[in-house]
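The structure displayed is predicted, hence computed values, not measured ones.
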Amino acid sequence: MKQSVYTGKGIGVVLLDTGIYPHMDFGDRIYAFADFISYRTFPYDDNGHGTCVAGILGGSGEASMGKYKGMAPGCSLMSLKVLDRFGNGNKEDILAAFRWIENHREEYKIRIVNISVGTTYKTRSDKDVLVRGVESLWDQGLVVVAAAGNRGPEPGSITAPGCSKKVITVGSSDMLLGKTAISGRGPTFECVCKPDLVAPGRRIMACAPGAGNTYAMKSGTSMSTPVISGAAALALEKDPMLTNVDIKMMLRDSADDLGLSRNQQGWGKFNCKKFLSL
């Protein structure tokens, strides 16, 4: 990722995921870890997904001599483990994590919530509970960024809570067409166009758990989401007075149109330079 003069320093970002491995690239920036699966106290990641997402968002690239640097290498990281080693979770743990965020947002200067987690809902009420949860965080002023999910390319394949009309929903710009077209697309159940925008998500190299501070390649809208969360951290460092709605509108006004339908590409492809110039 091209680096700006900003690093996200002083901006707290929460990741709801499979956990986080204390990789060299995170230094001493893992400020909090809460485990809603096994209730362990020390940061760990028995899947790898959460560490990869955290690396794309806030890895310093130190272990790769700067080659695999994240979007906001100076941000503060809070990891909430809501998914088990198979990447499965339940809505109760996610809602408990939302409450954790509400209780600790002042303490850790939390401004951004990254949800590279999507669920296809068994019932309408399951979906509504998750959507209400993220919208409550949004209404409290937090920038909530959620994955569009990898259930595409059929219409109506956006997962929850990315189907919320309020939050910023991110699809993968390089997984919209052809054989790899798995990026979720709208319209949502409420006939809202989604995703909001797209960013690269295919074959992304980022931090991996385990001794040796290695890297691994992953693909999906989960990898696109932290690009936007990291960019939001840069914008908030540049101007701490920005609101979540300001950030959403800046993303809209700086996206590059790919010439695809609104329910495929949203406003278009993320353009960091244009975004930070607004």
**Q** Is there a continuous path of hydrophobic side-chain contacts, each under 4.5 Å between heavy atoms, that joins Met217 to Ile182?
**A** no
**Q** Indicate if Ile37 and Ile20 have the same hydrophobic cluster label, given that clusters are the connected sets of ILVMFWY residues with side-chain heavy-atom separations under 4.5 angstrom.
**A**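 Not linked; separate clusters.
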**Q** Please check: side-chain N/O of Ser164 versus main-chain N/O of Pro161, any donor-acceptor pairing under 3.5 Å?
**A**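 The answer is no, because no donor-acceptor pair under 3.5 Å joins these two groups.
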**Q** Given side chain to side chain contact (heavy atoms under 4.5 Å, CB included), test Asp25 with Asn213 step by step and report yes or no.
**A** CA-CA 8 Å; Asp25 284 11; Asn213 295 300; 5.9 Å; no
**Q** Can you spot which of Thr214, Thr51, Leu57 makes a side-chain contact (heavy atoms from CB on, under 4.5 Å) with Cys207?
**A** Thr51
**Q** So how far is it from Arg105 CZ to Gln140 CD, rounded to the nearest 0.5 Å?
**A**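 Here the rounded value is 5.5 Å.
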**Q** With the side chain counted from C-beta on, respond yes when His49 and Ser116 share a heavy-atom pair under 4.5 Å apart, and no when they do not.
**A**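 A side-chain contact exists here, since the closest heavy-atom pair is under 4.5 Å.
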**Q** If only atom types and distance count, is the side chain of Arg29 paired as donor or acceptor with the main-chain N or O of Gly58 below 3.5 Å?
**A** yes
**Q** Hey, does Leu130 have a side-chain heavy atom less than 4.5 Å from the side chain of Ile94?
**A** yes
**Q** Test your reading of the model: is there a side-chain donor-acceptor pair from Ser76 to the backbone of Gly12, 3.5 Å cut-off?
**A** no
**Q** Give a yes or no on whether the backbone of Gly201 and the side-chain of Asp174 come within a donor-acceptor separation of less than 3.5 Å.
**A**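 Here the side-chain-to-backbone pair exists.
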**Q** What distance separates Leu80 CG from Arg99 CZ, expressed to the nearest 0.5 Å?
**A** 12.5 Å
**Q** Do Lys165 and Thr188 come close enough that some side-chain heavy atom pair is under 4.5 Å?
**A**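 When only atoms from C-beta onward are counted, Thr188 and Lys165 do not touch, as no gap falls below 4.5 Å.
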**Q** Check whether any side-chain heavy atom of Arg262 lies under 4.5 Å from a side-chain heavy atom of Arg185, and answer yes or no.
**A**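 Contact flag for Arg262/Arg185 side chains = no.
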**Q** Identify the heavy atoms of Pro200 and Ser173 that sit nearest to each other, and give their distance.
**A**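 Looks like N-OG, 3.1 Å.
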**Q** Would you mind reporting whether Leu176 and Leu258 have side-chain heavy atoms less than 4.5 Å apart?
**A**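 A side-chain contact exists here, since the closest heavy-atom pair is under 4.5 Å.
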**Q** Take Asp196 and Lys194, measure what side chain to side chain contact (heavy atoms under 4.5 Å, CB included) needs, and give me the verdict at the end.
**A** CA-CA 5 Å; Asp196 293 300; Lys194 284 279 175 175; 2.7 Å; yes
**Q** Test your reading of the model: is there a side-chain donor-acceptor pair from Thr18 to the backbone of Gly50, 3.5 Å cut-off?
**A**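 It does hold such a pair.
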**Q** Salt bridge (Lys or Arg N to Asp or Glu O under 4.0 Å) for Asp46 and Lys81? Distances and angles first, verdict last.
**A** CA-CA 10 Å; Asp46 50 7; Lys81 181 170 172 63; 2.8 Å; yes
**Q** Applying ring pair (Phe, Tyr, Trp, His ring centres under 6.0 Å), which residue pairs with at least one partner in residues 128-156 are found, sequence neighbours left out?
**A**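 Output for this query is empty, none listed.
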**Q** Can you tell me if Arg202 uses its side chain to pair, donor with acceptor, with the backbone of Thr180 under 3.5 Å?
**A**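 Not confirmed, Arg202 side chain does not pair with Thr180 backbone.
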**Q** Considering residues at least two apart in sequence or located in another chain, which fulfil the ring pair (Phe, Tyr, Trp, His ring centres under 6.0 Å) criterion with Phe270?
**A**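 Here the qualifying residues are Phe275.
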**Q** Calculate, to the nearest 0.5 Å, the distance between atoms OG1 and CD1 belonging to Thr169 and Ile228 respectively.
**A**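 Between Thr169 OG1 and Ile228 CD1, I get 11.5 Å after rounding to 0.5 Å.
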**Q** Does anything in residues 210-263 pair up under ring pair (Phe, Tyr, Trp, His ring centres under 6.0 Å), and if so which pairs, sequence neighbours excluded?
**A**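 Output for this query lists His23-Tyr215, Tyr68-Tyr215.
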**Q** Considering non-hydrogen atoms only, spot the tightest contact between Phe36 and Ala97 and give its length.
**A** CZ-CA, 3.6 Å
**Q** Within a strict 4.5 Å, meaning less than it, do heavy atoms of the Lys67 and Met205 side chains meet?
**A**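 Answer no - side chains too far apart.
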**Q** Does the side chain of Val170 come within less than 4.5 Å of Pro195's, by heavy atoms?
**A**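 No, every pair of side-chain atoms sits at 4.5 Å or beyond.
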**Q** Working to the nearest 0.5 angstrom, can you tell me the gap between Phe26 CZ and Tyr21 OH?
**A**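 The OH atom of Tyr21 is 10.5 Å from CZ of Phe26, to the nearest 0.5 Å.
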**Q** Identify whether Phe98 and Val145 are in the same connected component of the hydrophobic contact network (ILVMFWY, side-chain heavy atoms under 4.5 Å).
**A** yes
**Q** Testing the basics here: between Ile158 and Gly186, what is the closest heavy-atom pair and its distance to 0.1 Å?
**A** CG1-N, 3.6 Å
**Q** Taking all atoms of both residues into account, what is the closest heavy-atom pair of Ile115 and Thr225, and its distance?
**A** O-CG2, 4.3 Å
**Q** Answer yes or no: are there more than 12 heavy-atom neighbours, outside Lys248 itself, under 6.0 Å from its atom NZ?
**A** yes
**Q** Minimum heavy-atom separation for Ala231 and Met71, please, with both atom names.
**A**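 Heavy atoms of Ala231 and Met71 come nearest at CB-CE, 3.9 Å.
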**Q** Using only atom types and a distance under 3.5 Å, with no angle test, would you say the side chain of Glu237 pairs donor to acceptor with the backbone of Thr7?
**A** yes
**Q** Treating Arg111 as the side-chain partner and Ala232 as the backbone partner, does any N or O pair qualify as donor plus acceptor under 3.5 Å?
**A**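 Checking the backbone N and O of Ala232 against the side chain of Arg111, no donor-acceptor pair under 3.5 Å is found.
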**Q** So with a 6.0 Å cut-off around CG of Asp28, is the heavy-atom count from everything else above 12?
**A**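 For Asp28, atom CG is not crowded (no more than 12 foreign heavy atoms under 6.0 Å).
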**Q** Is a side-chain donor or acceptor of Asn88 paired with a backbone partner of Asp84 at a separation under 3.5 angstrom?
**A** no
**Q** Could you state whether Ile204 and Leu177 fall into the same hydrophobic cluster, counting links through intermediate Ile, Leu, Val, Met, Phe, Trp or Tyr residues with side-chain heavy atoms under 4.5 angstrom apart?
**A** no
**Q** Please determine whether the number of non-hydrogen atoms from other residues, nucleotides or ligands lying under 6.0 Å from atom NZ of Lys9 exceeds 12.
**A** no
**Q** Under a 3.5 Å threshold, yes or no: a donor from one side chain and an acceptor from the other, between Asn271 and Ser254?
**A**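 No, no side-chain donor-acceptor contact under 3.5 Å.
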**Q** Any ion pair linking Asp139 and Lys166 (charged N to carboxylate O, less than 4.0 Å)?
**A**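 So Lys166 pairs with Asp139 through a salt bridge.
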**Q** Give the cluster check for Leu234 versus Val227: same hydrophobic cluster or not, with ILVMFWY residues linked at side-chain heavy-atom distances below 4.5 Å.
**A** yes
**Q** Testing the 3.5 Å rule here: is there a donor-acceptor pair between the side chains of Ser183 and Thr221?
**A** no
**Q** List the steps and the verdict of side chain to side chain contact (heavy atoms under 4.5 Å, CB included) for Leu95 and Val129.
**A** CA-CA 8 Å; Leu95 295 174; Val129 156; 3.2 Å; yes
**Q** Looking only at heavy atoms, what is the nearest atom pair of Met250 and Ala235, with distance?
**A** CE-CB, 4.3 Å
**Q** For the CD atom of Gln265 and the OG atom of Ser172, what is their distance to the nearest 0.5 Å?
**A** 14.0 Å
**Q** Out of curiosity, Ile110 CD1 to Ile11 CD1, how far, rounded to the nearest 0.5 Å?
**A**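 That separation rounds to 12.0 Å.
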**Q** Keeping the roles fixed (side chain from Ser229, backbone from Pro226), state whether a donor-acceptor pair exists under 3.5 Å.
**A** no
**Q** Assess the residue pair Ile56 and Val53 against the criterion (side chain to side chain contact (heavy atoms under 4.5 Å, CB included)); give the C-alpha distance rounded to whole Å, side-chain angles, the decisive distance to 0.1 Å, and a yes or no.
**A** CA-CA 5 Å; Ile56 295 166; Val53 169; 5.6 Å; no
**Q** Compute whether any side-chain donor of one residue and acceptor of the other, for Thr243 and Asp246, lie under 3.5 angstrom apart.
**A**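 Yes, Asp246 and Thr243 have a side-chain donor paired with an acceptor closer than 3.5 Å.
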**Q** Any non-hydrogen side-chain atom of Tyr31 less than 4.5 Å from a side-chain atom of Lys109?
**A**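 Answer no - side chains too far apart.
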**Q** What I want to find out is whether Glu190 reaches Lys127 closely enough, with some N-O distance under 4.0 Å, to be called a salt bridge.
**A** yes
**Q** Pick out which of Val167, Val14, Asn114 makes a side-chain contact (heavy atoms from CB on, under 4.5 Å) with Val144.
**A** Val167
